[in-house]
Amino acid sequence: MTGGDHYKLFGVYVSEPVADALADTLYDEAGVVDPETYFDASMDSVPTGDPGGEVTATLVADIRTSFATLYDRADFESAEAVAPDAFTLVHLAATPQTVTEVRERFRAAVTIQETDLRTVQTAILAAALDVETAV
């Protein structure tokens, strides 16, 4: 169930440094100690007001709003150099409409960059969190 009182969960694949930066943000802003298990993968939504949900919803909304700027700043080459088995699946929460719009932007960037979704998700989130895509 998603609606005005719930955020939709969705997964993105990111490099380890990006996953670490996201974990740091969740800890600093919402007190989330273990982001890997915070959003149960079997859930499809979390209630609005959930501290981790609020933090990631804000992040995803910011990504949607500033996608063109993040796209221009994104280091796609560095993200493309990440080994295929080195990506981590992380879950984010956002409003259903925002999830749809961000997914569409990711897919468009995949087409433009002629790469895979993991590369685009890593590069865009790295730009949003202002971290390197790889170590």
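Keep in mind the model is a prediction, meaning the values are calculated, not measured.
Here the closest heavy-atom approach between residue Ala93 and residue Val60 is recorded as O-CG2, 4.3 Å. Residues Arg73 and Asp130 approach most closely at NH2-OD1, 4.3 Å, considering heavy atoms. Nearest heavy atom pair, residue Gly52 against residue Val32, reads CA-CG2, 4.1 Å. Annotation for Pro96 and His6: closest pair CD-O, 4.3 Å, computed over non-hydrogen atoms.
Once rounded to the nearest 0.5 Å, the distance linking CZ of Arg107 with CZ of Arg103 reads 7.0 Å. Here the straight-line distance linking atom CG of Leu70 with atom CG of Asp62 works out to 9.0 Å at 0.5 Å rounding. Taking CG of Asp75 as the start and CD of Glu132 as the end, the distance is 7.0 Å to the nearest 0.5 Å. The CG atom of Leu26 lies 11.5 Å from the CD atom of Glu36; values are rounded to the nearest 0.5 Å. In this structure, CZ in Arg64 is found 3.5 Å from OG1 in Thr98, a value given to the nearest 0.5 Å. Taken from CD in Glu77 to CD in Gln113, the straight-line distance is 9.0 Å, to the nearest 0.5 Å.
Take Thr100 and apply the side-chain hydrogen bond (donor to acceptor under 3.5 Å, both in side chains) test, not counting sequence neighbours, and it matches no residue. Legend: residues meeting side-chain contact (heavy atoms from CB on, under 4.5 Å) with Asp24, ordered by chain and number and at least two apart, are absent. Residues passing the ring pair (Phe, Tyr, Trp, His ring centres under 6.0 Å) test with Tyr71 are Phe76, sequence neighbours excluded. Among residues two or more places apart in sequence or in another chain, the side-chain contact (heavy atoms from CB on, under 4.5 Å) test is passed with Phe106 by Val12, Phe67, Val102, Leu117, Val120, Gln121, Ile124, Leu125. With sequence neighbours excluded, the residues satisfying side-chain contact (heavy atoms from CB on, under 4.5 Å) with Glu29 are Thr25, Val55.
For the pair Ser45 and Lys8, the minimum side-chain heavy-atom distance is 4.5 Å or more. By the 4.5 Å heavy-atom criterion applied to side chains, Leu9 and Asp44 are not counted as neighbours. Taking the side chain as every heavy atom from C-beta outward, Val33 and Tyr38 never approach each other to under 4.5 Å. Taking 4.5 Å as the limit, some side-chain heavy atom of Thr37 sits within range of a side-chain heavy atom of Asp34. Taking the side chain as every heavy atom from C-beta outward, Pro17 and Asp20 never approach each other to under 4.5 Å. Contact annotation: the side chain of Leu129 approaches that of Leu59 to within less than 4.5 Å [non-hydrogen atoms, C-beta and beyond]. At least one side-chain heavy atom of Thr95 sits less than 4.5 Å from a side-chain heavy atom of Tyr7.
No side-chain donor-acceptor contact under 3.5 Å links Thr133 to the backbone of Thr122.
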*asked:* Before you tell me yes or no, could you show the steps for Asp116 and Val110 under side chain to side chain contact (heavy atoms under 4.5 Å, CB included), namely the whole-Å CA-CA distance, both residues' side-chain angles and the distance that decides it to 0.1 Å?
replied: CA-CA 6 Å; Asp116 60 38; Val110 165; 5.9 Å; no
*Would you please test Glu80 and Thr115 for side-chain hydrogen bond (donor to acceptor under 3.5 Å, both in side chains) and show each step?*
CA-CA 8 Å; Glu80 220 165 22; Thr115 191; 3.0 Å; yes
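Other residues sharing a hydrophobic cluster with Tyr13 under the 4.5 Å side-chain heavy-atom criterion for ILVMFWY residues are Val82, Phe87, Leu89.
Tracing side-chain contacts under 4.5 Å through hydrophobic residues (I, L, V, M, F, W, Y), one never reaches Val46 starting from Tyr27; they form parts of separate clusters.
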